[in-house]
Amino acid sequence: MKKYDPKSIESKWQKSWEKAGISRAKGRGKKWYSLIEFPYPSGEGLHVGHVRSNTAMDVVSRKRRMQGYDVLYPIGWDAFGLPTENYALRTGVSPEVATKKNTDTFRRQLKALGFSFDWSREVDTTDPSYYKWTQWMFLQFFKKGLAYKAAMPINWCPKDKIGLANEEAAGGVCDRCGGPVEKRMKEQWMLRITAYADKLLEGLGALDYIPQAKVQQENWIGRSEGAEIDFEVKTKANYVLLHGYKGAPDKNFLPWLRRELVARGRSVQVPALPETDAPDILRQVAHVEETVRFDEQTVIVAHSLGSVVALKAIERLERPIKKLVLAAGFMTPPSKRGEESIRRNYEKTFDWRFDVEAIRRNAGEVVILRDTSDKNIPAAEADKLQTVFGGRIVDFTAKEPHICGNQEPEVLAASLDTLTVFTTRPDTLFGATYMVVAPEHQLISHLLPLISNVREVERYVAAAKAKSEAERTAEDKKKTGVALLGVRAVNPATGEDIPVWVADYVLGGYGTGAIMAVPAHDARDFAFAHAYDLPIRKVVTGPSGDHEADHVGGPDVLYDGEGILVDSGRFTGMYSEKAKPEIVKDVRGRARVQYRLRDWVFSRQRYWGEPIPLVNCEKCGWVPVPEKDLPVTLPKVKNYEPRDDGQSPLASVESWVRTKCPTCKGPARRETDTMPNWAGSSWYFLRYTDPKNKKAFADPKKLKYFMPVDWYNGGMEHTVLHLLYSRFWNHFLYDIGVVPAPEPYRKRTSHGMVLAEGGVKMSKSKGNVINPDDIVKQYGADTLRLYEMFMGPFDQTIAWDTRNIVGVYRFLERVWKTAESVSARGSDKDLEAAVTRLVKKAGEDIETMSFNTALSAMMIFINECAAKSAVPLSVWKRFLLVLAPFAPHIAEELWREVLGNKK
RNA sequence: GCCGAGGUGGUGAAAUGGUAUACACGAGGGACUUAAAAUCCCUUGGAGGUAAUACUCCGUGUGGGUUCGAUCCCCACCCUCGGCACCA
């Protein structure tokens with residue numbers, strides 16, 4: 001027999017398998033779907049890390065075929081992405097051309113390793129016939145209101161000039177270039193993944209994912225149960241605007257007035273009046289009475305129907321308010337006797353008689369605004385109002401409303417009514433000794449003129465906003481903040497006045513952006529209170545109710561566990577768990593679930609991605625491109641550089657941008673943002689089931705047969721982002737009825753990374769990249785496959801060690817040699833027992849991904865054979881079947897050429 | 001800080017309550033060869049010890065515990081890696 005020569009046998013069998021179509025999924029029988037993460041075809045070529053996970057799933061797939069399953073083990077290219085675009089920038093080679101070249105290399109390399117992919121189902125995310133359906137799916141999100149555009153403080157990488165998803169900017173560092181990330185306001189398309197937070201969390205339960213993947217997804221979703229509690233903020237006045245009936249012509253006046261007042265730091269309250277076709281005035285009055293605080297600081301500006309509501313409410317007060325401002329001209333004045341009805345449709349449903357005496361008594365200072373620009377309103381109306389209610393008349397014009405503004409300086413102190421916080425510990429409410437708002441909180445700008453230390457506050461807020469998120473959290477977690485002097489809040493449980501601070505340890509993007517601080521029972525508040533000498537009040541103690549006995553210390557020691565309430569009014573003595581809902585109820589809070597998960601920033605200002613298939617029309621707004629016009633293909637461009645204004649290079653292709661509105665046929669402009677990399681990879685596993693379909697992304701029958709994926713192996717680095725996105729995507733498609741099950745992957749495992757020798761990352765610049773081609777050339781594909789399975793536990797990161805390759809190569813040589821001592825006659829009890837053990841051991845090890853021990857079992861078996869003079873044929877055949885999934889070429893050669901089997 | 005995984009020869013690592021270090025690499029010695037490579041055989045945790053490859057003791061991060069028996073189970077601690085990180 002010849003020497004073992006992998007080169008001569010491997011390509012022979014690869015061609016033979018391809019010709020016989022052994023790895024094609026048939027679409028009938030007992031199905032099995034093995035999936036690996038489809039590679040990004042980089043210019044570097046195949047990484048030995050790809051080989052590790054592809055071999056593992058190849059072993060599983062080959063085993064399943066031997067067990068009689070119809071196996072789908074597909075491959076494709078996740079080919080959109082920055083490296084290709086950057087390559088285009090550097091060299092001018094178009095991304096299409098570069099992608100073609102790279103996928104050709106990958107395909108050749110993968111085929112040389114003998115992976116049993118179903119090559120007839122190859123997909124490519126950059127192929128218009130593929131991204132047509134990515135765009136189609138985006139439109140489904142859009143139509144269901146799950147895609148929306150919002151001005152967001154986004155993570156902006158100044159180096160790459162690109163907006164990043166939160167996930168890509170983790171730790172304040174750009175996922176791509178490693179540089180710092182800053183914040184920028186930018187209109188972005190968003191996908192409402194938060195609407196699926198609960199489903200994505202619940203769905204995890206029944207799945208066979210490695211525990212780490214589940215935990216990481218749970219943490220990322222970050223569900224917490226708590227309550228929203230309102231704190232009253234005490235300031236000097238209360239400024240209330242009451243608008244008119246929904247169609248009333250106050251569109252300009254009140255919104256303007258509101259803006260003006262807010263801009264000056266006045267707090268404005270606009271109670272939402274119920275809008276019914278036949279306005280129920282009394283209900284509206286009741287609503288106002290419930291939501292407005294009427295006291296000597298209150299100023300009411302009322303307009304149209306709001307005037308009626310205001311007068312009715314004032315009529316019933318016991319104490320006067322500060323001031324009533326009535327906008328005249330929209331209300332027929334009552335008669336001198338004050339008992340006449342008001343015109344039009346109101347009179348049938350409501351008794352319009354007013355107690356003028358009571359109103360004069362309670363209204364405080366009365367101001368009547370007269371709109372001199374409205375010819376429809378007789379100037380006399382204001383006079384009549386004045387006759388009835390007294391006060392003075394101020395002329396203004398709705399076209400120049402600033403006149404009114406100028407008339408108003410005396411009304412200037414105001415109050416924002418409530419500051420709402422989210423807390424998971426309402427049981428500690430009695431210990432809330434101060435409040436903190438995030439630097440972004442609108443309360444600050446609203447109240448700024450009322451704050452005595454304006455400059456200090458402004459400086460702090462500006463500094464906080466200028467910092468990146470990383471800088472804010474990096475600084476040793478040292479807490480900083482500034483008190484809003486002149487602003488106080490009321491603890492709804494104790495009725496006590498407490499100070500309000502601004503501090504950047506409170507995040508603007510989570511909960512309500514404001515907290516109640518309970519320094520005795522929260523580590524962060526504790527640290528802050530110590531830094532600024534704020535009062536610390538202990539209201540929860542350990543389970544025995546005694547600080548000392550429970551080792552939770554005195555009032556100056558942090559205890560952030562739950563326990564028995566102390567100094568908490570009628571809740572004293574209650575356990576935290578019981579007290580939580582009762583306290584929430586007592587202060588009219590609302591139970592609330594919060595998620596850490598944020599919506600998915602789906603826009604990229606880049607060239608090499610799927611164009612977002614929407615058109616902006618001046619008349620119709622954002623309009624989807626009709627399905628028959630999909631795909632919206634990428635136009636050819638000369639320059640791939642993102643524009644300095646942050647827009648995608650597509651924005652410079654005027655002929656492409658300019659289009660017609662699909663709805664009104666008027667002039668319109670295309671969206672120039674493209675989709676992120678995650679889009680195409682969020683559904684590729686569906687396309688594999690029916691990759692050439694032109695009428696749908698896949699035939700429902702084929703989806704039903706192949707889905708879900710039975711076993712999905714991928715990198716640990718994708719267990720949060722890609723896995724969560726694609727699960728979300730699939731859940732959504734399930735909800736609109738186009739995929740058969742909500743969860744796409746039944747089982748998920750992860751492979752460890754393959755590092756270079758010495759345990760560092762492989763990189764071109766370090767010159768330590770192992771090229772699979774070289775290994776195949778020197779030792780053959782079977783040896784590389786075996787080495788990567790044998791190098792260590794599959795889920796563990798491991799450093800490449802070229803010296804160890806010879807071990808598995810020698811093993812294969814010994815296998816080759818052992819074939820010579822196979823004898824058709826005779827039997828051997830020892831070897832029969834040994835091969836039986838091997839079948840069991842290797843079979844089990846494949847299922848648990850213990851490929852290294854499966855191989856060591858084979859080595860032990862071969863060593864046993866070497867000690868014998870002959871190996872019985874029946875034993876040998878069973879061994880070759882075990883070897884075949886791991887080292888298919890040599891196994892096939894020995895099975896067919898040496899033993900003479902036909903199949 | 002929180003969550004998760006882990007710590008065993010010179011190296012990659014086996015063993016999940018019952019002979020610790022399987023399998024492989026490396027190293028040392030030997031056979032074959034004019035020689036080298038390749039291949040094959042032997043040795044290879046540490047210390048002591050013998051004529052001997054007998055025998056003795058120690059040994060799975062550290063300290064305790066449970067058990068006839070612990071790398072494995074329990075408690076405390078140290079260290080490494082991964083994830084999250086002021087999420088109220």
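Per chain, numbering begins at 1; letters A, B, ... match sequence-line order. Bear in mind the structure is a predicted one, so any value in this text is a computation, not a measurement.
The listed nucleotides are B/C23, B/A88, B/C86; the one nearest the side chain of A/S856 is B/C23. Closest contact between the side chain of A/I860 and the listed nucleotides B/C23, B/A14, B/C84 involves B/C23. Distances from the side chain of A/L507 to the nucleotides B/G26, B/A88, B/A14 place B/A88 closest. Of all nucleotides listed (B/A14, B/C23, B/A88), B/C23 comes nearest to the side chain of A/F790. Comparing B/C40, B/A88, B/A14 by their nearest atom to the side chain of A/V506 picks out B/A88. You'll find that the side chain of A/R810 is closest to B/C25, out of B/A13, B/A24, B/C25. The side chain of A/N863 sits closest to B/A24 out of B/C84, B/A24, B/A88. Taking every side-chain heavy atom of A/T424 into account, B/A88 is the closest of B/C23, B/A88, B/U39. The side chain of A/Q212 sits closest to B/G4 out of B/G4, B/A88, B/A13. The side chain of A/R596 lies closest to B/C84 when the candidates are B/C3, B/C84, B/U39.
Separating the CE atom of A/M716 from the C1' atom of B/G83 is a distance of 8 Å, rounded to the nearest angstrom. Distance, A/L855 CG to B/C25 C1': 15 Å, rounded to whole Å. One atom, CE of A/M859, and another, P of B/C23, lie 11 Å apart when rounded to the nearest Å. Rounding to whole angstrom units, CD of residue A/E788 and P of B/G12 are separated by 18 Å. Going from atom NZ of A/K817 over to atom C1' of B/A38 covers 10 Å, rounded to whole Å. Rounding to whole angstrom units, NZ of residue A/K3 and P of B/C40 are separated by 12 Å. Distance A/W800 CH2 to B/A24 P: 19 Å, rounded to the nearest Å. Between the CZ atom of A/F861 and the P atom of B/A22 there is a distance of 21 Å, rounded to whole Å.
Annotation: A/K578, atom NZ; neighbour count of heavy atoms from other residues, nucleotides and ligands within 6.0 Å does not exceed 12. Heavy atoms of other residues, nucleotides or ligands lying less than 6.0 angstrom from CD of A/E847 number more than 12. More than 12 heavy-atom neighbours from other residues, nucleotides or ligands sit within 6.0 angstrom of CE on A/M716.
In this structure, B/G9 shows a glycosidic angle within 90 degrees of zero, which is the syn conformation.
Using the six-membered ring where Trp is involved, A/H718 and A/H722 have ring planes that are perpendicular, over 60° apart on the 30 and 60° scheme. Between A/H521 and A/Y559, the angle of the ring planes goes over 60°, which puts this pair in the perpendicular group of the 30/60° scheme.
For the pair A/P211 and A/I515, nearest-nucleotide mapping onto RNA chain B gives the more 5' position to A/P211. The nearest heavy atom of RNA chain B to A/D525 and to A/K841 marks one nucleotide each, and the one closer to the 5' end goes with A/K841.
Across all their heavy atoms, A/A489 and A/M435 have their closest contact at CB-SD, 3.4 Å. When all heavy atoms of A/S726 and A/L723 are compared, the closest pair comes out as OG-O, 3.3 Å. Residue A/V540 comes nearest to A/G561 through the heavy atom pair CG1-O, 4.1 Å, listed as atom of the first residue, atom of the second, then distance. Of all heavy-atom pairs spanning A/V436 and A/V502, the tightest one is CG1-C, 4.2 Å.
Residue A/N852 has a polar side-chain atom (N or O) positioned under 4.0 Å from OP1 or OP2 of B/A14. Residue A/Y510 places at least one side-chain N or O under 4.0 Å from the OP1 or OP2 atom of B/A88. OP1 or OP2 of B/A24 has not a single side-chain nitrogen or oxygen of A/R803 nearer than 4.0 Å.
A/Q796 comes within contact range of the sugar-phosphate backbone alone, with a heavy-atom separation under 4.0 Å but no base atom that close. Looking at heavy-atom distances under 4.0 Å, A/F811 makes no contact with the nucleic acid at all. Among the atoms of the strands shown, only primed sugar atoms or phosphate atoms (P, OP1, OP2) are found under 4.0 Å from some heavy atom of A/S224. If you check every strand for non-hydrogen atoms under 4.0 Å, A/I798 touches sugar and phosphate atoms only. Within the 4.0 angstrom heavy-atom criterion, only backbone atoms of the sugar-phosphate kind lie near A/R814; the bases stay farther away.
Using a cutoff of 4.0 Å between basic side-chain nitrogens and carboxylate oxygens, A/E225 and A/K580 are not scored as salt-bridged. A/K214 has no carboxylate O lying under 4.0 Å from a charged side-chain N of A/E218, or vice versa, which leaves the two without a salt bridge.
If you take atom P in B/C73 and the same atom in B/G7, they sit 11 Å apart, rounded to whole Å. Between the C1' atoms of B/C77 and B/A22, the separation comes to 32 Å (whole Å). Remark: the separation of the P atoms in B/G61 and B/C79 is 16 Å, to the nearest Å. Atom name P, nucleotides B/A14 and B/U21: the rounded distance is 15 Å, in whole Å. The same atom, P, is picked in B/G1 and in B/A20; the two are 39 Å apart, to the nearest Å. Separation of the C1' atoms belonging to B/G10 and B/G83 is 33 Å when rounded to the nearest angstrom. For the P atoms, the distance linking B/C41 with B/C58 amounts to 36 Å, nearest Å. As rounded to the nearest Å, B/G26 and B/A85 have P atoms that lie 44 Å from one another.
For RNA chain B, no neighbouring residue in residues 200-208 of chain A is found when judged by any heavy atom under 4.0 Å.
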- Query: How does RNA chain B read in dot-bracket, base by base from 5' to 3', with Watson-Crick or G-U pairs under 3.5 Å and | used when the partner is on another strand?
  - Reply: (((((((..(((.....[....)))((((((.......))))))((((......))))..(((((..]....))))))))))))....

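Under a 3.5 Å cut-off, the side chain of A/D782 and the backbone N or O of A/I890 do form a donor-acceptor pair.
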- Item | Residues A/E37, A/R748; criterion salt bridge (Lys or Arg N to Asp or Glu O under 4.0 Å); working and verdict | CA-CA 11 Å; A/E37 287 165 350; A/R748 166 76 185 195; 2.9 Å; yes

